[in-house]
Amino acid sequence: MRIGFAMCGSFCTFSQVFPVMEALAGKYELTPIFSHSAYTVDSRFGTSESHVRRAEAICGTKVLHTLEQVEPIGPKKLLDALVIAPCTGNTLAKLAHSIADGPVTMAAKSHLRNGRPIVLAISTNDALAGAAENIGRLLGKKHYFFVPFGQDDPQSKPTSMIADLTLLPQALESALIGRQMQPLLI
């Protein structure tokens, strides 16, 4: 099975995402895809270069990070599924409104032409505010599946939600057979 593993700019979750990527690499052929932010922004959670190197070492292939690199995913049927982890509120909004202006959203658009699953592991501070509408839109669209998610810090960040990344492998397996893993909210 060939799985695209796309990462967006929720840098605080990268330390939780990479171990899941490693686990999946033992079972699937992974193609790493980075958003513009994930590929270029240095943050207090590490340099973009270190994140790119780590993904390439885990997956054994170069990170795709341009529109030109990801556009062939659909026409050439390069993937059986696409994982987006972490999936930011910005990416949720673009996916919900069919905007494909970056490597991750273009990969999704290209991949969807084949009717194959996209697995979203959300990480957004406004899931119960501005992003709620976009989560709802995507829940109603074909071929989108979510890693179960819940509030990560209800007292300090009451609208923030994050996927339980330990459930990503199970959510991917469910998506590959066309099922949304349950329970969705944790």
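Model, not experiment: these values are computed from the prediction.
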task = Starting from the C-alpha separation in whole Å, work towards a yes-or-no answer on side chain to side chain contact (heavy atoms under 4.5 Å, CB included) for Ile84 and Cys8.
result = CA-CA 7 Å; Ile84 304 176; Cys8 300; 3.8 Å; yes
task = Go through Asp101 and Lys94 one step at a time and tell me if the side chain to side chain contact (heavy atoms under 4.5 Å, CB included) criterion holds.
result = CA-CA 8 Å; Asp101 64 348; Lys94 290 179 179 187; 3.0 Å; yes
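Between His65 and Tyr39, the ring planes lie parallel to each other; the angle is under 30°, not in the 30° to 60° tilted range. Using the six-membered ring where Trp is involved, His51 and Phe14 have ring planes that are perpendicular, over 60° apart on the 30 and 60° scheme.
Using modelled atom types, no side-chain atom of Gln16 and backbone atom of Thr13 make a donor-acceptor pair closer than 3.5 Å. A distance-only check finds no donor-acceptor pair linking the side chain of Asp80 to the backbone of Ile3 [under 3.5 Å]. A donor-acceptor contact shorter than 3.5 Å is absent between the side chain of Thr91 and the backbone of Cys87. With hydrogens and angles ignored, the 3.5 Å screen pairs no side-chain donor or acceptor of His111 with any backbone N or O of Leu78. Arg137 places no side-chain N or O within donor-acceptor distance of the main-chain N or O of His97, the cut-off being under 3.5 Å.
Heavy atoms from other residues, nucleotides or ligands lying under 6.0 Å from NE2 of His36 number 12 at most. By the neighbour-count criterion of 12 heavy atoms within 6.0 Å, atom CZ of Arg2 is densely surrounded, having more than that number from other residues, nucleotides or ligands. Within 6.0 Å of NZ on Lys109 lie no more than 12 heavy atoms contributed by other residues, nucleotides or ligands. Dense packing is recorded around NZ of Lys141, with more than 12 heavy atoms of other residues, nucleotides or ligands lying under 6.0 Å away.
Closest of all the heavy-atom pairs between Thr47 and Asp42 is CA-OD1, 3.3 Å. Residues Asn125 and Lys157 come closest through the heavy atom pair OD1-NZ, 3.6 Å. Counting all heavy atoms, side chain and backbone alike, Ala121 lies closest to Leu168 at CB-CD1, 4.2 Å. Of all heavy-atom pairs spanning Leu92 and Leu120, the tightest one is CD2-CD1, 4.1 Å. Residues Pro103 and Leu67 approach most closely at N-CD2, 3.9 Å, considering heavy atoms.
Hydrophobic clustering (side-chain heavy atoms under 4.5 Å, transitive across Ile, Leu, Val, Met, Phe, Trp, Tyr) groups Val83 together with Ile58.
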